[in-house]
Amino acid sequence: MILFDSHAHFPADTAAGHAAQIARARDAGLCGLLAVGGSEDIDAGALTLAKQYPGFVHLALGYDRDTATTVAGSPAALSAAMSRLRERITRLSDDGSPLCAIGEIGLDFSRNPDPAEKSAQTALFEAQLLLAAELDLPCSIHSRDADDETLRILSRSASKARLAETRMGVIHCFTGGTDFASALVALGLHIGISGIITFRNAAPLRGTVSTLPRDRLIVETDCPCLTPVPMRGKPNEPALIVHTAARLAEVLGIPAEEAALITTSNAMRLFGILK
Ligand SMILES: [Zn+2]
């Protein structure tokens with residue numbers, strides 16, 4: 001089976017185990033993964049692994065919603081942060097480790113942020129979508145309890161060219177309903193399927209996923225969180241993507257190898273990775 005984990009985090013506090021995780025990922029049949037940043041801590045882990053395992057660990061960096069109040073507290077702070085990110089991306093590309101995506105970025109209104117934080121999250125999300133369009137990079141996007149706002153911002157920033165190429169990005173760890181999914185697909189987005197699809201109470205999600213176009217589905221661990229069934233209780237890691245891909249195959253009514261192949265080639269195309 002050929003698999004690609006399209007969203008993995010490598011926080012500093014588990015750094016001692018990262019090399020073993022990469023070895024197990026290779027043994028499990030992964031041909032690569034996207035190490036996703038979003039804050040100083042997880043950016044560092046992603047960068048280290050991308051340098052250590054070129055061609056296997058691919059890189060996404062950005063500012064996630066938890067950084068919004070500091071990074072996008074004022075227009076001046078936001079524009080300075082965007083310059084830093086642009087410079088960082090240019091430097092990485094000059095060093096031979098180009099970014100495959102900006103991420104993770106997006107909105108999380110689940111803890112009921114106050115209006116000032118909401119608008120900082122929104123401004124930060126929009127600014128990074130603009131930068132991604134300018135650099136022609138896809139985005140790894142988080143959206144929790146913010147479907148309407150996510151759609152509003154995405155439709156505003158979707159250009160015809162990027163829509164036609166369907167390289168806008170992915171709504172990672174998708175848990176929304178059928179309406180949200182179809183609106184995202186219409187905007188050219190991919191849908192990231194995490195271990196949640198294996199959960200006992202995820203029948204509605206499985207129903208939605210079964211209706212989606214297969215050329216927009218990719219799989220992810222979002223490790224170290226969201227360990228799939230039957231490995232619940234253990235920390236998640238890229239090798240465990242096999243369980244998520246197998247459950248997705250059941251949902252789609254196709255062999256596991258086929259689901260692995262489809263999601264891997266979708267991810268490679270989306271992130272511009274040639275094999
Ligand atoms: Zn994540």
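In each ligand, atom 1 is the first atom listed, and ligand 1 is the first ligand listed.
Not one N/O/S atom of Cys225, from backbone or side chain, sits under 2.8 Å from the Zn ion (ligand 1). Not one N, O or S atom of His172 sits under 2.8 Å from the Zn ion (ligand 1).
Taking the centre and axis of the six-membered ring of Phe56, the NZ or CZ atom of Arg26 falls inside the cone set by 45° and 6.0 Å.
For CG of Leu92, the number of neighbouring non-hydrogen atoms (other residues, nucleotides, ligands) closer than 6.0 Å is greater than 12. By the 6.0 Å contact criterion, CZ on Arg269 is enclosed, its count of non-hydrogen atoms from other residues, nucleotides or ligands being greater than 12.
With the Zn ion (ligand 1) at the apex, Asp222 OD1 and Glu104 OE1 define an angle of roughly 180° (rounded to 10 degrees).
His7 has its closest N, O or S atom to the Zn ion (ligand 1) at the position named NE2.
Residues Leu184 and Phe174 are in side-chain contact: their nearest non-hydrogen atoms beyond the backbone lie under 4.5 Å apart.
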